[in-house]
Amino acid sequence: IQSLRSKFTNEAFLAMKKEFPDGADESIARFLIARNGDISKAIPFLQASIIWRSENLPVKTNEIVNELKKGKVYLHGQDKNEHALIVYRGKLNFPKERDIVEMVKMCIWWMEAAIAALPEDRSQISFLFDRTGSSSTNMDVDFVKALAKVMQDNYPERLHKIILHPVGVLFYTG
């Protein structure tokens, strides 16, 4: 929380803490930062996430067993900066054969596992999109949009970086 203090005022933090007395300081700080310190935006943002969490967490493994078996997403230790690292293997994803709801739930399950595995002095996670062996048939725009919405709405300030490897010619600019 100390490293985040420069991104919001103490008054704003105290006002949020008054609204959410049982809320974890770091969580309150992340939601406040995500709304640029604007309490009038941060309060409903955090309230909506609390409701979402009560309706969606914990994700039970029996809800995601089909996607887990495919091994397309997994927690792989830490990146070089000691942030938890979640790996997504694109070559194992087939949009016509997956259940998007189950796939998003599986990613939430891994996200929660990664958060639990973070060292005490870390709060962010890196994602490695491993495109090795992937083709255009593995591209899953609907999944990316659905996951991005869940991340933005319920895990603000949790993403350290996204790593694409290999990037391929589509990502090079001249």
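The chain is numbered in sequence order, starting from 1.
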- CZ/Arg30 to CZ/Arg158 distance, rounded to the nearest 0.5 angstrom? 3.5 Å

- Note on the structure: One should read off an interatomic distance between Ile28 CD1 and Phe8 CZ, to the nearest 0.5 angstrom, of 9.5 Å

- Apply salt bridge (Lys or Arg N to Asp or Glu O under 4.0 Å) to Arg98 and Glu102, showing your working. CA-CA 8 Å; Arg98 60 97 177 103; Glu102 185 177 348; over 6 Å; no

- Query: Residues in side-chain hydrogen bond (donor to acceptor under 3.5 Å, both in side chains) with Glu82, at least two apart?
  - Reply: none

- Query: With distance as the sole test, does Glu63 use its side chain to make a donor-acceptor pair with the main-chain N or O of Lys60 at under 3.5 Å?
  - Reply: yes

- Item | Sequence-distant partners of Asn56, side-chain hydrogen bond (donor to acceptor under 3.5 Å, both in side chains), two or more places apart | none

- Query: Less than 4.5 Å apart, any side-chain heavy atom of Ile125 and any of Leu85?
  - Reply: no

- In chain order, what residues pass the ring pair (Phe, Tyr, Trp, His ring centres under 6.0 Å) check against Phe20, with sequence neighbours excluded? none

- Task: Compare every heavy atom of Ala34 with every heavy atom of Pro156, then report the nearest pair and how far apart it is.
- Result: CB-CB, 3.5 Å

- Message: Under the rule for side-chain hydrogen bond (donor to acceptor under 3.5 Å, both in side chains), what residues qualify as partners of Asn81, not counting sequence neighbours?
- Response: none

- Interatomic distance, Leu32 atom CG to Met16 atom CE [nearest 0.5 angstrom]: 5.5 Å

- Return the minimal non-hydrogen interatomic distance between Thr132 and Pro166, and the atom names on each side. N-CD, 3.5 Å

- hydrophobic_cluster_shared for Val101 and Met111, side chain cutoff 4.5 Å: yes

- Task: Taking all heavy atoms of Leu164 and all of Arg131, pick out the closest pair and write down the distance.
- Result: CD2-CD, 4.3 Å

Going by atom type alone, with no hydrogens or angles, which donor-acceptor pairs under 3.5 Å involve a side-chain atom of residues 67-75 and a protein atom two or more places apart or on another chain?
unit_1, atom_1, unit_2, atom_2, d
Glu67, OE1, Lys72, NZ, 2.8
Glu67, OE2, Lys70, NZ, 3.1
Lys72, NZ, Asn93, OD1, 2.9

- Message: Any side-chain to backbone donor/acceptor pair from Ser54 onto Ile51? Under 3.5 Å, distance only.
- Response: yes

- Item | Euclidean distance, Asp79 CG relative to Ile86 CD1, rounded to 0.5 Å | 11.5 Å

- Note on the structure: Nearest heavy-atom contact between Phe31 and Asn154 is CZ-O, 4.0 Å

- In Å and rounded to the nearest 0.5 Å, what is the CD1 to OG distance from Ile162 to Ser126? 9.5 Å

- Rounded to the nearest 0.5 Å, what's the gap from NZ on Lys105 to CD1 on Ile100? Could you check? 13.0 Å

- Message: Both conditions, 6.0 Å and 45 degrees, for the charged tip of Arg53 above the ring of Tyr155: are they met here?
- Response: yes

- Is any side-chain heavy atom of Val144 closer than 4.5 Å to a side-chain heavy atom of Leu147? no

- On a heavy-atom basis, the closest approach of Met106 and Ile64 is N-CG2, 3.6 Å

- Message: Does any part of the side chain of Phe129, heavy atoms only, come nearer than 4.5 Å to the side chain of Val87, both counted from C-beta?
- Response: no

- Message: Is any side-chain heavy atom of Pro95 closer than 4.5 Å to one of Phe143?
- Response: no

- Message: Using the side-chain hydrogen bond (donor to acceptor under 3.5 Å, both in side chains) criterion, which residues pair with Lys41? Sequence neighbours excluded.
- Response: none

